[in-house]
Chemist: 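What follows is a structure written as structure tokens; I'll ask about it next.
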Amino acid sequence: LSLPPPEYATGGIRTLRFTLTNAHHTVLHVRLTTGDDWLSVVPSEVALGPDERQAAEVRVAVEKAKASVRKSGATSGTVK
């Protein structure tokens with residue numbers, strides 16, 4: 001998820017939507033975490049049965065991201 005200058009300037013919450021899919025024959029447990037207070041994932045944990053799908057979102061709190069850039073210079077975050 002990258003923020004072009006107009007979205008970065010506007011602030012607010014920016015969202016990237018994606019789908020988790022279990023293509024296996026057993027239950028898949030997924031836990032998604034971030035190390036930054038300006039970056040979050042919803043849901044953070046899910047169990048998917050065979051062939052199940054789950055919508056998910058990565059959210060960026062733009063004002064908090066700006067503060068992080070000013071403080072540390074870091075311009076990216078990680079979802080694990």
Side-chain angles (χ1 to χ4, degrees):
L1 172 64
S2 65
L3 298 177
E7 288 186 21
Y8 187 77
T10 303
I13 303 292
R14 296 294 176 249
T15 303
L16 169 70
R17 291 177 176 88
F18 61 97
T19 302
L20 299 168
T21 303
N22 181 5
H24 297 281
H25 64 278
T26 60
V27 174
L28 173 66
H29 294 272
V30 178
R31 181 176 298 152
L32 300 168
T33 62
T34 71
D36 302 291
D37 68 344
W38 52 269
L39 188 61
S40 61
V41 182
V42 177
S44 61
E45 192 167 346
V46 66
L48 298 172
D51 297 318
E52 283 189 332
R53 295 174 184 222
Q54 170 70 49
E57 295 182 349
V58 174
R59 297 176 181 168
V60 175
V62 177
E63 293 305 319
K64 287 183 178 181
K66 287 179 184 180
S68 177
V69 168
R70 286 190 295 272
K71 181 177 178 182
S72 68
T75 59
S76 64
T78 303
V79 175
K80 296 180 183 178

Chemist: I'd like to know if the side chain of Thr19 reaches the main chain of Ala55, judged simply by a donor and an acceptor atom lying under 3.5 Å from each other, with no hydrogens or angles considered.
Modeler: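 Checking the backbone N and O of Ala55 against the side chain of Thr19, no donor-acceptor pair under 3.5 Å is found.
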
Chemist: Where is the tightest heavy-atom contact between Ala65 and Val60, given as atom of each residue plus distance?
Modeler: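 Heavy atoms of Ala65 and Val60 come nearest at CB-CG1, 4.2 Å.
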
Chemist: Please check: side-chain N/O of Ser72 versus main-chain N/O of Ser68, any donor-acceptor pairing under 3.5 Å?
Modeler: yes

Chemist: In this structure, which one of Val30, Leu28, Asn22 forms a side chain to side chain contact (heavy atoms under 4.5 Å, CB included) with Val46?
Modeler: Val30

Chemist: Is Val41 reachable from Ile13 through a run of I, L, V, M, F, W or Y residues, each pair having side-chain heavy atoms under 4.5 Å apart?
Modeler: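 Ile13 and Val41: separate clusters.
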
Chemist: Taking Leu20 as the starting point, is it possible to reach Val27 by hopping between hydrophobic residues whose side chains are less than 4.5 Å apart?
Modeler: no

Chemist: Give me each pair satisfying side-chain hydrogen bond (donor to acceptor under 3.5 Å, both in side chains) with a member in residues 45-57, each pair once, sequence neighbours excluded.
Modeler: Arg17-Glu57, Arg31-Glu45, Glu57-Arg59

Chemist: Short question: side chain of Asp36, backbone of Trp38 - any donor-acceptor pair under 3.5 Å?
Modeler: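 Looks like no, no N/O pair under 3.5 Å.
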
Chemist: Would you check if Thr10 and Arg14 make a side-chain contact, meaning some heavy-atom pair closer than 4.5 Å?
Modeler: yes

Chemist: Take Val79 and Thr33, measure what side chain to side chain contact (heavy atoms under 4.5 Å, CB included) needs, and give me the verdict at the end.
Modeler: CA-CA 6 Å; Val79 175; Thr33 62; over 6 Å; no

